[in-house]
Asks: 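Below: one structure in structure tokens.
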There are 2 protein chains.
Amino acid sequence: MARPSRAVISRAPTLDDVARAAGLSSMTVSRALNTPDQVRSETVKKVLAAVKATGYIPNALAGGLASRRSKLIAVLVPHLNDPLFADTLQAMGETLSQRGYQMLLCSAGYTPQTETELVSTLMSRRPDGIMLTGIHHANDLKKIIFNASVPVVETWDITPTPIDMLVGFSHEKAGLATAEYLLGKGYRRPGLLWTTERTAAQRKNGLYEGLARHGITDAPYVESQLPARFADGRAGAAQLLETTELDVIICGSDILAQGAISELQARGLRVPQDVAVMGFGDLDFAAANVPAITTVALDRYAIGARAATLLANRIEGRSDGEQIIDIGFHLTERESA
Amino acid sequence: MARPSRAVISRAPTLDDVARAAGLSSMTVSRALNTPDQVRSETVKKVLAAVKATGYIPNALAGGLASRRSKLIAVLVPHLNDPLFADTLQAMGETLSQRGYQMLLCSAGYTPQTETELVSTLMSRRPDGIMLTGIHHANDLKKIIFNASVPVVETWDITPTPIDMLVGFSHEKAGLATAEYLLGKGYRRPGLLWTTERTAAQRKNGLYEGLARHGITDAPYVESQLPARFADGRAGAAQLLETTELDVIICGSDILAQGAISELQARGLRVPQDVAVMGFGDLDFAAANVPAITTVALDRYAIGARAATLLANRIEGRSDGEQIIDIGFHLTERESA
DNA sequence: TTGTACGCGTTATCAA
DNA sequence: TTGATAACGCGTACAA
């Protein structure tokens with residue numbers, strides 16, 4: 001509330017203000033804050049005192065402009081309310097924060113088109129790195145990234161030819177493993193309850209291939225919206241039950257599985273005795289559900305943490321080791337299938 | 001792959017490059033891109049062609065430095081995997097994106113301490129606005145924000161004395177309404193399954209007050225971790241059942257309610273006939289659950305959208321109308337209580 | 001409608 | 001170890 005004395009225009013203190021207060025040059029203050037090793041420790045102390053006295057807050061806009069390093073990471077996820085990606089995002093945020101980076105976050109939807117538009121906008125922030133979800137991106141996106149030569153991590157899927165770095169796993173193999181597991185359990189009349197998404201589609205391909213190997217080619221299929229919700233699981237299961245007699249409902253996500261189980265139970269059917277249910281993702285509730293959901297477990301948190309680490313290392317010039325990380329998956333047998 | 005001809009160092013094209021290509025001054029190019037109304041339409045066309053030819057991408061670091069408007073909004077949520085905040089966050093992202101802002105996102109945990117540290121770091125980005133979750137913040141945080149005189153929206157709670165703007169609802173009233181509803185339904189032996197969080201604590205206060213008015217002062221209470229998960233709901237319900245005979249379990253969130261219902265059913269108890277369960281939040285699954293969860297419904301999406309709108313309007317100098325928005329809540333009777 | 005001059009706050013570079 | 005100077009790329013303010 002105090003009016004500034006004299007004709008001093010109120011503005012945020014700058015490096016120069018700190019320098020003046022400390023009786024040093026602004027360059028020395030800059031060094032004292034960023035690379036204290038290069039400055040006499042007494043001088044550092046003086047600087048820190050002046051920073052406190054002036055209430056100085058660095059201007060990362062100016063710093064980024066001058067240094068050409070923004071310390072910003074652009075992160076694109078399909079949807080912020082898709083529980084599949086939430087842990088990954090949380091892990092990214094934690095890891096990046098520890099490494100001194102900040103997250104510029106966008107929900108890109110489930111289409112490469114909007115993703116490309118968003119990235120081209122985000123590039124104006126001159127991010128030091130980019131995190132993408134999935135490996136299916138528009139060519140324009142790749143061009144933009146290539147021209148800017150920004151490090152990129154793709155996540156949640158795997159390919160021998162990523163744009164740059166990658167942390168994920170094979171959805172085809174996960175689908176195949178699911179098919180083999182269920183067939184090994186003796187299920188022969190599966191129905192699919194799936195989402196319309198690229199990685200989910202690849203799981204479906206693997207699944208179909210596995211089923212086809214055992215001559216099952218006519219499994220009924222119901223599609224649900226994105227992000228998948230509990231109610232979609234119920235509705236989808238209901239729809240599948242109408243078509244033909246099933247012994248297992250294979251779901252594109254645990255959420256759908258939870259809903260499907262609920263629908264079956266509401267109809268007086270026992271899971272898995274009457275109809276089994278298979279999930280995907282091993283979300284928080286899967287193990288505690290009644291019955292516990294048999295699912296494909298992923299270390300979703302690790303995807304985020306490792307992707308962030310990969311990116312930070314690359315940015316800082318220490319790209320040790322593999323740049324394509326297969327975190328794998330684990331078919332976790334529980335009660336529902 | 002083409003090596004740049006002559007001694008031209010490869011670098012991102014700037015406004016000057018575009019200007020040269022278009023035979024105009026850089027200032028005209030800047031105007032053509034930012035305020036095309038002020039430029040002859042033919043000139044604008046020339047500029048756009050030159051932008052395309054050069055592959056120019058604006059540098060928001062430089063732009064923000066010069067204009068003192070970063071078009072960045074710092075958003076702080078407790079946790080990125082807390083489904084309670086996910087829709088709000090998604091809505092914020094969408095609205096801000098439409099208005100030309102980008103989200104600098106941080107998960108701040110559930111304590112004012114870490115929140116303050118994060119904000120002080122984020123301030124170096126010179127955000128045009130800040131979104132906070134809840135109304136309980138450290139004094140240092142308020143000081144930082146006040147000194148920087150940045151617009152702020154607090155969300156998810158209400159108080160007559162916000163830092164600045166606010167979009168939320170009264171948790172005390174929600175708690176009180178819950179108590180009155182359940183007492184009206186005839187329940188007299190409630191147990192609480194709650195989370196350790198500030199806003200949740202206020203709901204609990206309201207709840208206790210409502211219960212006390214009817215002489216109920218000894219309701220057993222079990223606390224669960226944050227963010228609350230399905231398994232915590234099961235475990236918490238199990239713990240409550242050990243203490244004394246209950247006719248209703250009142251939960252701090254729908255997730256806990258879903259878990260509690262599951263635990264009760266697993267024990268052969270009927271919900272609500274044997275023990276009722278009350279939720280909070282009206283999450284995606286609440287209506288479709290079996291039994292459908294009676295809960296306190298909130299327009300979580302609206303919190304995010306309105307908060308973003310409030311902030312964008314303020315930044316752009318058109319602060320019309322109320323700056324404290326009570327979005328209210330709605331006690332939604334379903335089957336579980 | 002377009003252009004010129006300058007400043008935004010910092011860091012890279014080189015000199016002392 | 002510290003300082004002087006010149007970018008970094010853009011927008012504001014004013015002039016033409």
Side-chain angles (χ1 to χ4, degrees), chain A residues 9-48 50-51 54-72 100 123-128 148, chain B residues 9-48 50-51 54-72 100 121 123-128 148 317:
Chain A
I9 295 163
S10 166
R11 56 165 180 72
T14 70
L15 218 44
D16 275 321
D17 296 323
V18 178
R20 221 163 298 138
L24 293 161
S25 78
S26 62
M27 199 52 233
T28 302
V29 175
S30 173
R31 274 192 285 253
L33 296 176
N34 298 318
T35 54
D37 304 341
Q38 299 177 21
V39 177
R40 202 154 49 108
S41 63
E42 280 179 44
T43 312
V44 173
K45 274 181 205 159
K46 252 194 281 183
V47 168
L48 293 179
V51 165
T54 54
Y56 172 69
I57 295 176
N59 185 326
L61 261 36
L65 180 59
S67 68
R68 297 160 169 289
R69 273 175 280 106
S70 64
K71 287 279 179 180
L72 240 31
M123 291 308 294
S124 71
R125 301 284 169 191
R126 299 296 188 267
D128 289 341
Chain B
I9 296 164
S10 165
R11 57 166 178 71
T14 71
L15 218 43
D16 274 322
D17 296 323
V18 179
R20 222 164 297 138
L24 293 162
S25 78
S26 63
M27 199 50 236
T28 303
V29 175
S30 173
R31 274 190 286 251
L33 296 176
N34 298 320
T35 54
D37 303 341
Q38 299 177 22
V39 178
R40 203 155 45 107
S41 63
E42 280 179 44
T43 311
V44 173
K45 275 180 205 160
K46 253 195 282 185
V47 167
L48 293 179
V51 165
T54 54
Y56 172 70
I57 295 175
N59 185 328
L61 261 36
L65 180 60
S67 69
R68 296 162 167 289
R69 274 174 279 106
S70 64
K71 288 280 179 179
L72 241 30
T121 309
M123 291 308 295
S124 70
R125 301 283 169 192
R126 298 297 188 267
D128 289 342

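Proteins come first, then strands; the chains are lettered A, B, ... in the order of their sequence lines, and each starts at number 1. Side chains are part of it too, since the values below use all heavy atoms of this structure and drop only hydrogens, waters and symmetry mates.
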Asks: Distance-only, no hydrogens or angles: does the B:Thr54 side chain make a donor-acceptor pair with backbone N or O of B:Val18 under 3.5 Å?
Replies: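 Checking the backbone N and O of B:Val18 against the side chain of B:Thr54, no donor-acceptor pair under 3.5 Å is found.
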Asks: To the nearest 0.5 Å, what is the distance between CG on B:Leu61 and CZ on B:Arg126?
Replies: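 Taking CG in B:Leu61 and CZ in B:Arg126, the distance rounds to 12.5 Å.
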Asks: How long is the line joining CZ of A:Arg11 and P of C:dC8, in whole Å?
Replies: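 From A:Arg11 CZ to C:dC8 P: 8 Å.
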Asks: Do any N or O atoms from the side chain of A:Arg68 and from the backbone of A:Leu65 form a donor-acceptor pair under 3.5 angstrom?
Replies: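 The answer is no, because no donor-acceptor pair under 3.5 Å joins these two groups.
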Asks: How many angstroms lie between CG in B:Asn59 and OG in A:Ser70, if you round to the nearest 0.5 Å?
Replies: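 Answer rounded to 0.5 Å: 9.5 Å.
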Asks: Enter the distance from A:Ser30:OG to A:Gln38:CD here, rounded to the nearest 0.5 Å.
Replies: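 Reported value, rounded in 0.5 Å steps: 10.0 Å.
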Asks: For DNA chain D, which nucleotides open and close the run of contacts to chain A, 5' to 3', at under 4.0 angstrom from a non-hydrogen atom?
Replies: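 Span of nucleotides near chain A: D:dT1 to D:dG9.
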Asks: What does B:Leu15 touch in the nucleic acid at a heavy-atom separation under 4.0 angstrom: a base, only the sugar-phosphate, or nothing?
Replies: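 If one applies the 4.0 Å heavy-atom cut-off, B:Leu15 turns out to touch the sugar-phosphate alone, with no base involved.
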Asks: Taking any heavy-atom pair under 4.0 Å as a contact, classify A:Arg69: base, sugar-phosphate, or nothing.
Replies: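 Sugar-phosphate only.
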Asks: Pull out every residue in residues 22-44 of chain B that has a heavy atom closer than 4.0 Å to any atom of DNA chain D, ordered by number, or say none.
Replies: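 Within this stretch, B:Met27, B:Ser30, B:Asn34 sit under 4.0 Å of the strand.
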Asks: Rounded to the nearest 0.5 Å, what separates atom CG in A:Asp16 from atom OH in A:Tyr56?
Replies: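 The OH atom of A:Tyr56 is 9.5 Å from CG of A:Asp16, to the nearest 0.5 Å.
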Asks: Between C:dG9 and B:Arg68, is there an OP1 or OP2 to side-chain N/O distance shorter than 4.0 Å?
Replies: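 Yes, within the criterion.
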Asks: Roughly how far apart are B:Lys46 NZ and B:Arg40 CZ, rounded to 0.5 Å?
Replies: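 Reported to 0.5 Å precision, the distance equals 6.5 Å.
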Asks: Which distance, rounded to the nearest 0.5 Å, do you find between the OG1 of A:Thr43 and the CG of A:Leu48?
Replies: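 Going from OG1 on A:Thr43 over to CG on A:Leu48, the span is 10.5 Å.
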Asks: What is the distance, to the nearest angstrom, from the CG atom on B:Asp16 to the C1' atom on C:dT4?
Replies: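 Whole-Å distance recorded here is 12 Å.
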